[in-house]
Amino acid sequence: MTADRDDAYHSVDRLASWSNWEPFIDAAPRAPVTPGVYQMRSSDGTIVYVGMAGERKGQGIRGRLSIYRRGKGAVSGFGEAALDRALADAAFIEDHLAAARLGRPARTAQWAKDAISWLDVEVRWAECATRTEALALEHLVVKLLGAHAIWNRVAARLERPDLHDEPAHSAQGPRKVSSSSAAHVSGDAEHMVDGVVTVDALTHEFGLADGGRAVRRLLRAGFPEHQKGAPWDPLSAAQAAYVRRAR
């Protein structure tokens, strides 16, 4: 592990109260049902993915991990990232082709489940009080780890000059986000944490009370390539600017 990555990992450790690392297959069924942030790491100790879970109909982190555990997340998030890397491994493909030649082809969900098992990842998580706090913590973790081999597609966007935010932590170190508190200030900033712009924040900024429907309608019009059903938060700088201009 390089010194820079080691420093980034230590900074992430200080951001929240994280659970112990455990094998994904063992830990996922008993993950908490609260909002929060989870990390995946490979067998060599490299953190490879950062994700968050909101309330998810009362299932929180467990609900999000369950999607991957059941092979239902093959086209987004960690499930997609894991399948992409497994499909780049000739041995993984040959293993499944051998089953197909014997008349036992696997369904897509099984390929997605097998990809996670093949990669043999571990998981840990930090619980948060709200979805907004989880988004803020995820944003900080991704910014700290974005240059250190994580698979998140958003990590590449953080390198674009037009999407830079303020540094994730000050000279005194990163601010810890716990499940019992979040940074809130008065006015419009009450709905933003650490510079993260969300649909709720823009809805409040515009003085609307429609649950974010107007903001999401503008986002769909301006960014039609966005995957249907996928969450918008946290918004990129380009998305936030587009909505403000459109209003």
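Just so it is clear, the values below take in all heavy atoms, side chains as well, and ignore hydrogens, waters and symmetry mates.
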Trace of the side-chain contact (heavy atoms from CB on, under 4.5 Å) decision for Gln39 with Val12: CA-CA 10 Å; Gln39 300 173 55; Val12 169; 3.6 Å; yes
Taken to the nearest 0.5 Å, the spacing of Ile150 CD1 from Ile47 CD1 works out to 9.0 Å
Between Leu202 and Ala240, what is the shortest heavy-atom contact and its length? CD1-CA, 4.3 Å
When you compare the side chain of Val33 with that of Ile61, does any pair of heavy atoms fall below 4.5 Å? no
Least distance between heavy atoms, Ala134 atom then Ala53 atom: CB-O, 4.0 Å
CD of Glu122 to CG of Asp26: how many Å apart, nearest 0.5 Å? 10.0 Å
Output yes when Arg131 and Asp233 qualify as a salt bridge under the 4.0 Å nitrogen-oxygen rule, no when they do not. yes
Arg244 and Phe206: CA distance, side-chain angles, deciding distance, side-chain contact (heavy atoms from CB on, under 4.5 Å) verdict: CA-CA 9 Å; Arg244 288 183 173 119; Phe206 300 145; 4.2 Å; yes
Shortest non-hydrogen separation from Ala27 to Val123 and the atoms involved: CB-CG1, 3.7 Å
Between CZ of Arg14 and CG of Leu144, what distance do you get to the nearest 0.5 Å? 9.0 Å
From CD1 (Ile116) to CD1 (Ile25), nearest 0.5 Å: 6.5 Å
Report the residue from Arg70, Arg62, Arg64 that forms a side-chain hydrogen bond (donor to acceptor under 3.5 Å, both in side chains) with Ser66. Arg70
Do Trp232 and Thr198 make a side-chain contact, defined as non-hydrogen atoms from C-beta onward lying under 4.5 Å apart? no
Validation row: Asp114, His96 side chains within 4.5 angstrom (heavy atoms): yes
Just grab all the salt bridge (Lys or Arg N to Asp or Glu O under 4.0 Å) pairs involving residues 87-97, residues at least two apart or on different chains. Glu94-Arg101
In this structure, would Tyr9 and Leu140 fall into the same cluster of hydrophobic residues linked by side-chain contacts under 4.5 Å? yes
Is there side-chain contact between Arg30 and Glu22, with heavy atoms separated by less than 4.5 Å? yes
For a salt bridge (charged side-chain N to carboxylate O under 4.0 Å, His left out) check, start with the C-alpha distance between Lys143 and Glu138, then their side-chain angles and the critical distance, and finish with the verdict. CA-CA 9 Å; Lys143 288 197 73 171; Glu138 180 196 36; over 6 Å; no
Hey, mind stepping through Leu219 and Val199 against side-chain contact (heavy atoms from CB on, under 4.5 Å) and telling me if it holds? CA-CA 9 Å; Leu219 286 166; Val199 170; 4.1 Å; yes
Can a salt bridge be assigned to the pair Arg124 and Asp13 using a cut-off of 4.0 Å between side-chain N and carboxylate O? yes
Taking all heavy atoms of Pro35 and all of Ala129, pick out the closest pair and write down the distance. CG-O, 4.3 Å
Looking only at side-chain N and O atoms, does Asp44 offer a donor or acceptor that is under 3.5 Å from a partner on Ser42? yes
Using the benzene-type ring in the case of Trp, are the ring centres of Phe223 and Tyr242 under 6.0 Å apart? yes
Taking the six-membered ring for Trp, are Trp111 and Phe92 closer than 6.0 Å centroid to centroid? yes
Does any part of the side chain of Val121, heavy atoms only, come nearer than 4.5 Å to the side chain of Phe78, both counted from C-beta? yes
Would you say the side chain of Trp18 lies within less than 4.5 Å of the side chain of Val37, judging by non-hydrogen atoms? yes
Nearest heavy-atom neighbours spanning Gly77 and Tyr49: CA-OH, 3.1 Å
Any chance you could measure Ile67, atom CD1, to Lys72, atom NZ, to the nearest 0.5 Å? 10.5 Å
If you measure from OG on Ser117 to CD on Gln110, what distance do you get to the nearest 0.5 Å? 8.5 Å
Can you check whether Leu65 reaches Phe24 side chain to side chain, under 4.5 Å on heavy atoms? yes
Taking atom types as modelled, find out whether His148 and Asp4 have a side-chain donor-acceptor pair closer than 3.5 angstrom. no
Report yes if the side chains of Met52 and Tyr38 come closer than 4.5 Å at any heavy-atom pair, otherwise no. no
Between Arg85 and Ala82, is there a donor-acceptor pair closer than 3.5 Å when you use the side chain of the first and the backbone of the second? no
